[in-house]
Amino acid sequence: MTQVITRFPPSPTGHLHVGGARTALFNWLWARKNGGKFILRIEDTDVARSSEEMTQGILDGMRWLGLDWDEGPYFQSRRIDLYNQYIDQLLETGHAYFCACTPDEVEAMRAEARATGAVPKYNGRCRGRDLKNGPGRVVRFKTPESGETAFQDLVKGPVAVPNAQLDDMVLRRLDGMPTYNLAVVVDDVTMNLTHVIRGDDHLSNTPKQVLLYEAFGRDLPRFAHVPMILGPDKKKLSKRHGATSVTAYRDMGYLPEAMVNYLVRLGWSHGDQEVFHLDELLRVFSLDHLGTAACVFDQSKLLWLNNHYIKNEPVERIASLLAVHLTERGFGRADENYLQLIVPLLQPRAGTMVEMAEMAEFFVVEDERLPMDPASVDKFLTPEARGHFGRLRPRLAEVVVFDQQSLEAMFKEYLVEQGVAFKVLAQPLRVALTGKTKSPGIYEIMEVLGKDRVLRRLARAERKGEAAGPTG
RNA sequence: GUCCCCAUCGUCUAGUGGCCCAGGACGUCGGCCUCUCACGCCGGUAACGCGGGUUCAAACCCCGCUGGGGACGCCA
């Protein structure tokens with residue numbers, strides 16, 4: 001049994017998008033599950049469109065998701081000599097030739113073919129000319145003119161394409177750089193890849209690559225072409241669909257485990273199971289339950305999973321994430337011990353960490369600066385409510401152990417005495433303490449806020465209500 | 001246009017000839033819980049694209065159609 005070797009080869013011409021991330025995840029899982037090797041390779045042969053920032057962004061995304069690599073990142077731009085060696089080999093063995101046609105000429109050939117309904121491709125004009133190397137000359141592959149090229153795919157099964165359909169692809173460009181198909185094959189061959197797991201938008205490239213493997217006299221790796229991830233409109237996922245880069249999801253307050261969990265279930269299944277923790281995934285992931293049909297990226301399910309992880313992760317972890325998002329919102333570094341008190345109240349309510357930070361604001365803001373929603377003030381801080389606040393404050397001041405239990409007992413007594421239901425006090429109190437009408441439970445909030453701040457907020461609410469309430 | 005791939009609830013999927021007048025999850029709808037909002041719990045809605053075969057039996061196998069996606073670059 002040879003060691004499993006997989007790779008993820010992003011091109012630094014864009015962000016690490018969710019589709020790429022899922023491909024990386026599948027490759028990573030397969031390598032890790034089999035005790036193999038996972039290689040990261042940056043495909044930057046398109047010098048004009050590649051950038052260092054994109055490379056860093058991709059690496060950030062990988063690290064955030066926890067997809068660590070054993071080798072690399074390799075950069076194709078630093079392996080030019082290697083590619084040239086292989087190109088020379090193809091030239092020597094008669095599998096490739098020099099071509100002097102200009103891009104414009106080739107485009108004209110394609111247009112012509114298209115016009116007659118034929119396959120738009122290079123017409124092979126330089127194929128028999130036996131040209132030598134020289135300026136203005138690219139290297140093309142001599143694609144067989146008849147027959148077909150076939151291979152076995154782990155998800156698609158047998159795939160075959162007529163060779164007549166294939167172009168005499170360029171192997172080395174005018175600028176001396178290798179093209180994608182050549183570089184991928186050389187890399188995959190020299191890195192001894194055993195499995196190539198990638199999006200099925202590469203399916204039609206595969207026959208060309210198979211031809212190259214054959215020309216090099218090398219065995220094929222196992223191919224697994226996973227279906228694409230589409231937008232809600234069933235079109236290829238793009239910026240039009242909103243956030244598509246994984247780092248954008250990080251910034252929106254998603255947890256990496258939620259992202260990983262969501263992604264792995266897109267095109268892969270393990271019976272009816274929806275929630276997978278990493279150690280479990282490593283155990284049960286396999287290539288034979290990959291789906292065959294394209295799938296749609298569903299934000300609402302991701303959100304559900306994210307809330308699931310927010311609810312179940314340890315309070316300390318969530319609290320430190322909350323701290324990050326609070327500073328992001330302009331709050332000073334909050335005391336983590338304090339944050340750990342409020343996190344349990346927010347865990348079931350927050351879909352993302354950004355939402356949680358929003359909900360946490362009233363806990364961390366200064367009492368006198370608590371924003372009060374005007375409509376809620378008008379509606380709930382009535383003269384009657386203010387009357388209750390006035391009577392409640394002295395009693396609250398006397399509560400010795402300011403916790404939920406004591407507070408509940410104190411309120412119970414007060415309610416009986418006044419002959420009112422808690423219902424009539426709840427919303428006014430909520431508005432007084434949080435400035436809003438939606439929040440965790442009143443007693444929970446009071447305990448976390450503490451006596452002094454509760455008293456201050458009630459007093460302030462009385463003043464606010466007066467100012468706002470002409471009906472008083 | 002040509003080639004390749006695909007086709008189960010709105011979405012992700014289970015299903016590999018009888019266990020399926022199709023199961024789970026998200027969403028959605030209704031209810032319970034309740035100090036608001038959530039969480040949780042209970043229940044409902046909702047799918048095998050169409051037409052032919054093969055078979056005692058088809059969501060599952062074969063053919064065609066339709067629909068969708070991808071590719072056809074000196075991008076990856």
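For clarity, every value in this text was computed on a predicted model and none was experimentally measured. Note: hydrogens, waters and symmetry copies are ignored here, and every other heavy atom, side chains too, is used. Below, chain A is the first sequence line, B the second, and so on; all start at residue 1.
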ask   = Which comes earlier along RNA chain B counting from the 5' end, the contact point of A:Lys438 or that of A:Glu274, where each point is its nearest nucleotide?
value = A:Glu274
Of A:Gly271 and A:Val155, the one whose closest RNA chain B nucleotide lies more 5' = A:Val155
Watson-Crick or G-U counterpart of [N], or none if no pair lies under 3.5 Å:
N      : answer
B:rG27 : none
B:rA57 : none
B:rC21 : none
B:rA38 : none
B:rG1  : B:rC72
B:rU45 : none

Any [X] side-chain nitrogen or oxygen under 4.0 Å from OP1 or OP2 of [N]:
X        : N      : result
A:Arg110 : B:rC74 : yes
A:Lys234 : B:rU11 : yes
A:Thr206 : B:rC4  : no
A:Lys311 : B:rG40 : yes
A:Thr179 : B:rA76 : no
A:Arg114 : B:rU2  : no
A:Ser269 : B:rA14 : yes

With a 4.0 Å cut-off on heavy atoms, is [X] in touch with a base, just the backbone sugar-phosphate, or nothing at all?
X        : result
A:His308 : nothing
A:His225 : nothing
A:Leu266 : sugar-phosphate
A:Ser439 : base
A:Leu203 : sugar-phosphate

[N] [atom2] sits how many Å from [X] [atom1], rounded?
X        : N      : atom1 : atom2 : result
A:Trp268 : B:rG15 : CH2   : P     : 12 Å
A:Glu112 : B:rC72 : CD    : P     : 21 Å
A:Met109 : B:rU2  : CE    : C1'   : 19 Å
A:Arg22  : B:rC12 : CZ    : P     : 11 Å

key: Test: A:Asp188 and A:Arg41 ion pair at under 4.0 Å   =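 A salt bridge links A:Asp188 with A:Arg41.
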inquiry  = Regarding A:Arg7 and A:Asp187, does a basic nitrogen lie under 4.0 Å from an acidic carboxylate oxygen?
reply    = no
inquiry  = Between B:rA46 and B:rA25, how many Å separate the two C1' atoms, rounded to a whole number?
reply    = 14 Å
query = Under 3.5 Å, is there a donor-acceptor pair linking the side chains of A:Tyr249 and A:Asn306?
reply = no
ask   = Cut-off 3.5 Å, side chains only: do A:Gln76 and A:Arg79 have a donor facing an acceptor?
value =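 Not at all, the side chains of A:Gln76 and A:Arg79 share no donor-acceptor pair under 3.5 Å.
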N/O donor-acceptor pair, side chain [X] with base [N], under 3.5 angstrom:
X        : N      : result
A:Arg430 : B:rC35 : yes
A:Asp200 : B:rG70 : no
A:Asn181 : B:rA76 : no

message = Which heavy atom of A:His388 sits nearest to which heavy atom of A:Tyr414, and what is that distance?
response =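 Heavy-atom minimum between the residues: ND1-OH, 2.6 Å.
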key: Proximity to the side chain of A:Lys208 - top-ranked nucleotide from B:rU13, B:rC35, B:rC72   =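 Closest nucleotide among those given: B:rC72.
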query = Are A:Arg457 and A:Phe362 close enough that some pair of their side-chain heavy atoms sits under 4.5 Å apart?
reply =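 Yes, at least one pair of side-chain atoms sits under 4.5 Å.
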inquiry  = Is any side-chain heavy atom of A:Met177 closer than 4.5 Å to one of A:Asp46?
reply    = no
